[in-house]
Participant: 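Quick one: the structure is below, questions incoming.
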Amino acid sequence: VRVMQPTQNTDFEIIAKFESVVTQRYQMQGLLVEQDANNFLRFEVYHDGGSTQLFAARFQNGDPKALIYNHPLSGTPAYLRVTRVGA
């Protein structure tokens, strides 16, 4: 499922609780904060086949850069909070 919500160019905060737990390799759930098709932020929890991991990346002009990776999480349902302040 992909749900999109437009917002103004202002400060905002998104909080999502995923009640399901990723338990198998390649499962993921998360949030995208999109400026356009080539510039966005990606925040997710995913399963690598052994454990649940936290991941965050920045895509600038289509070029990805991982900001958080290989950060294990417990198996409880995940909360993600993204806060934007300023430009």
Participant: Taking the side chain as everything from C-beta on, heavy atoms only, tell me whether R42 gets closer than 4.5 Å to M28.
Facilitator: yes

Participant: Distance-only criterion, 3.5 Å: show the donor-acceptor pairs between side-chain atoms of residues 80-87 and protein atoms not counting sequence neighbours.
Facilitator:
| unit_1 | atom_1 | unit_2 | atom_2 | d |
| --- | --- | --- | --- | --- |
| T83 | OG1 | E13 | OE2 | 2.8 |
| R84 | NE | G86 | O | 3.2 |
| R84 | NH1 | N9 | OD1 | 3.2 |
| R84 | NH1 | T10 | O | 2.8 |
| R84 | NH1 | G86 | O | 3.4 |
| R84 | NH2 | N9 | OD1 | 2.8 |
| R84 | NH2 | G86 | O | 3.1 |

Participant: Report the C-alpha separation of T7 and Q5 in whole Å, then their side-chain angles, then the decisive distance to 0.1 Å, and conclude whether the side chain to side chain donor-acceptor pair (under 3.5 Å) test is met.
Facilitator: CA-CA 7 Å; T7 186; Q5 178 178 334; over 6 Å; no

Participant: Are L73 and F43 joined in one hydrophobic group, where the rule is that I, L, V, M, F, W and Y side chains link up if heavy atoms are under 4.5 Å apart?
Facilitator: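 Same hydrophobic cluster.
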
Participant: Could you state whether L32 and F55 fall into the same hydrophobic cluster, counting links through intermediate Ile, Leu, Val, Met, Phe, Trp or Tyr residues with side-chain heavy atoms under 4.5 angstrom apart?
Facilitator: no

Participant: Short question: side chain of Q27, backbone of H47 - any donor-acceptor pair under 3.5 Å?
Facilitator: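 Such a contact is absent between Q27 side chain and H47 backbone.
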
Participant: Honestly curious: do F40 and I68 fall in one hydrophobic cluster under the side-chain, below-4.5 Å linking rule?
Facilitator: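 No, F40 does not connect to I68 through the hydrophobic network.
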
Participant: Y69: what forms a ring-ring contact (aromatic ring centres under 6.0 Å, His included) with it, not counting sequence neighbours?
Facilitator: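 For Y69, no residue satisfies ring-ring contact (aromatic ring centres under 6.0 Å, His included) once neighbours in sequence are set aside.
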
Participant: Could you tell me the separation between the CD atom of E19 and the OH atom of Y79, rounded to the nearest 0.5 Å?
Facilitator: 8.0 Å

Participant: Please test E34 against R2 for salt bridge (charged side-chain N to carboxylate O under 4.0 Å, His left out), starting from the C-alpha separation and ending with a verdict.
Facilitator: CA-CA 13 Å; E34 186 178 73; R2 181 174 178 169; 3.6 Å; yes

Participant: For the residue pair V45 and A78, what are the closest heavy atoms and their distance?
Facilitator: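 Heavy atoms of V45 and A78 come nearest at CG1-CB, 3.8 Å.
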
Participant: Please tell me whether L31 and V22 are part of a single hydrophobic cluster in this structure, the criterion being side-chain heavy atoms less than 4.5 Å apart.
Facilitator: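 In one cluster: no.
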
Participant: When clusters are formed by joining ILVMFWY residues with side-chain heavy atoms under 4.5 Å apart, either directly or through shared neighbours, do Y46 and L41 land in the same one?
Facilitator: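 In one cluster: no.
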
Participant: Q29 versus S20: any side-chain heavy-atom pair under 4.5 Å?
Facilitator: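 In short, these two side chains touch, coming nearer than 4.5 Å.
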
Participant: Once side-chain hydrogen bond (donor to acceptor under 3.5 Å, both in side chains) is applied, do any residues pair with D36, and if so which ones, sequence neighbours excluded?
Facilitator: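 So D36 forms a side-chain hydrogen bond (donor to acceptor under 3.5 Å, both in side chains) with N39.
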
